[in-house]
Number of protein chains: 2
Amino acid sequence: MQRPKYDASRYERPSVTVDMVILTLRDEVLQVLLVKRKVWPYKNRWALPGGFVRMKESLEQAAIRELYEETHVKDVYLEQLYTFGNPKRDPRTRVITVAYCALVRSEDLRLSADTDVSDVRWFPVPSLPRPAFDHGEILNYAVARLQNKLLYTNIAFQLLPDLFTLTELQNTYAAILGKPVDKRNFRKKILSSGVLEETSSRKQDGRHRPARLYRFVKEKELEGLIFPKKR
Amino acid sequence: MQRPKYDASRYERPSVTVDMVILTLRDEVLQVLLVKRKVWPYKNRWALPGGFVRMKESLEQAAIRELYEETHVKDVYLEQLYTFGNPKRDPRTRVITVAYCALVRSEDLRLSADTDVSDVRWFPVPSLPRPAFDHGEILNYAVARLQNKLLYTNIAFQLLPDLFTLTELQNTYAAILGKPVDKRNFRKKILSSGVLEETSSRKQDGRHRPARLYRFVKEKELEGLIFPKKR
DNA sequence: ATTGTTAGTGTAAATATGACACTTAATTGC
DNA sequence: GCAATTAAGTGTCATATTTACACTAACAAT
């Protein structure tokens, strides 16, 4: 027991925020939502949206609230990523941030800027301005986790509409993994995994041969394991 | 922007603690360190060791400090697990806890109790008293993560001494996974993965045929991927 | 009817996994 | 020294998974 019994610094409390990595797929590219800061520090730099955790809300409620404030979406995929607590990560004061990742469908979004930001925008993940604070690190962490989860879960359906073609799904995988995906092997794997339900409709995109539309099987959305097939 | 501009509750701050899941292998059984609480709430119940994050230390530093206070070990494997923030998880006040997992070698331990606990003890993970707070949930999370990481990383060496036999290593896997491991398949896999270095010495445990001693290859300790072999 | 474009389909080789039983080398007790 | 005991150490085969790879089918536009 090395602790002094009355040490005022033991009762100083760091603040806690949640920061949101909000990802979506636009033009078949993975994009992240950033807000432009109006004030010091990192004035005019782009940052992850986020805010303080209030006294009576859970971390997840705080994340849902922040997400709704920025994008007006509810009921989306939300996952806690990691907690960043370097004492110097915010030059104002000690702020510990719990990072969350949200995956949203681009079709049901209405962006809105917070009071202390001057702009809100989607940025393609491969070409970003360098974000404020340690938000670049947080974003990298989120993308790495998403890439990883893509390989053994259903997570991709969070980014796609109810009905989609196999090519759209394949392109989603390729976009997130950042590398091409073999068409035949992809189809073999995903179809034999049983997470997809074939529909009778086809996508009439106009010019070419119409593609069959699929949807994710409802019961499989939550359990999530695709690839390692049980024997 | 739905936020009222001056809302005092926005400036109330939750406290932040780190809670430690300290795991070791004793008698070839996975064991966790718990402390017995002296005071309300959960007086006389067993809990994970932990404490407040101080103003000027990182989360990891706080975890290292707590770990040292309880066990006097340094330089062990430490990993952030998850952050638990349910507003009701502590009946006294709002406490957000960042859970860390530490893996220690049982041979270099000197346990010591904190001021606000009456006892410190190892408990075999399969047979525990029900812990205080949400610490049961935290512990389950830690064990699930460890089991998972065992399958694709080197993490087991954190629990073993420098030199060990293949049977000891196999028993470690079996103890953590909670199920038997096939001897020949295990040896085939672990030897072909290249993480082990054969030594010329053998373990003279007395009674029987002496077993060859191995150690983990130093450079491989950190990268960690064992099983999915790259092509 | 021809052209352009994307959808859709199968096979074979290499690799990884999982089940399974006997021999070897030491100690102990007689 | 010899037999009994105990844990160490070792290999094969069947099956499942992964990967590489190229052509035909269906529709729209002209």
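So that the names make sense, note that chain A is the first sequence line, chain B the second, and so on, each numbered from 1.
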side-chain contact (heavy atoms from CB on, under 4.5 Å) with B/Ile176: of B/Leu23, B/Val125, B/Val143, B/Leu159, only one passes, and it is B/Leu159
Given atom [atom1] of [X] and atom [atom2] of [N], what is their separation to the nearest angstrom?
X	N	atom1	atom2	value
A/Leu166	C/dT6	CG	P	16 Å
B/Lys179	C/dA19	NZ	P	10 Å
B/Ile190	C/dT17	CD1	P	12 Å
A/Lys189	D/dT17	NZ	P	11 Å
A/Asn185	D/dT18	CG	C1'	7 Å
B/His208	D/dG9	NE2	P	14 Å
B/Phe164	D/dA8	CZ	C1'	16 Å
A/Glu198	C/dG8	CD	P	9 Å

- Message: Let's go through A/Thr167 and A/Thr165 carefully: what are the C-alpha distance in whole Å and the side-chain angles of both, what is the deciding distance for side chain to side chain donor-acceptor pair (under 3.5 Å) to 0.1 Å, and is it a yes or a no?
- Response: CA-CA 5 Å; A/Thr167 300; A/Thr165 68; 4.7 Å; no
**Pair of N/O donor and acceptor under 3.5 Å linking C/dA19 base with B/Arg184 side chain** =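 No, the side chain and the base share no sub-3.5 Å donor-acceptor pair.
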> Side chain of B/Arg209, base of D/dA8: donor and acceptor closer than 3.5 Å?
Replying inline: yes
Between B/Tyr214 and A/Lys188, the residue closer to the 5' end of DNA chain D by nearest nucleotide is B/Tyr214
Report task. Sort out for me which residue in A/Tyr173, A/Tyr214, A/Phe216 forms a ring pair (Phe, Tyr, Trp, His ring centres under 6.0 Å) with A/Phe164. Result ->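 That would be A/Phe216.
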Parallel under 30°, tilted from 30 to 60°, perpendicular over 60°: which one fits the rings of A/Phe84 and A/Tyr141? perpendicular
Quick note, A/Arg187 side chain, CB onward, closest among C/dG4, D/dT10, C/dA7 is C/dA7
Please figure out whether A/Asp182 or A/Glu168 has its closest DNA chain C nucleotide nearer the 5' end.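 Comparing both residues, the 5'-ward one is A/Glu168.
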Assert: residue with more 5' nearest nucleotide on DNA chain C, out of A/Arg202 and B/Pro210, is A/Arg202
Main chain of A/Leu25, side chain of A/Ser106: is a donor-acceptor contact present, judged purely on distance under 3.5 Å?
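It does hold such a pair.
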_Can you tell me if B/Thr167 touches the phosphate of D/dA8, counting only side-chain N or O atoms and a distance under 4.0 Å to OP1 or OP2?_
yes
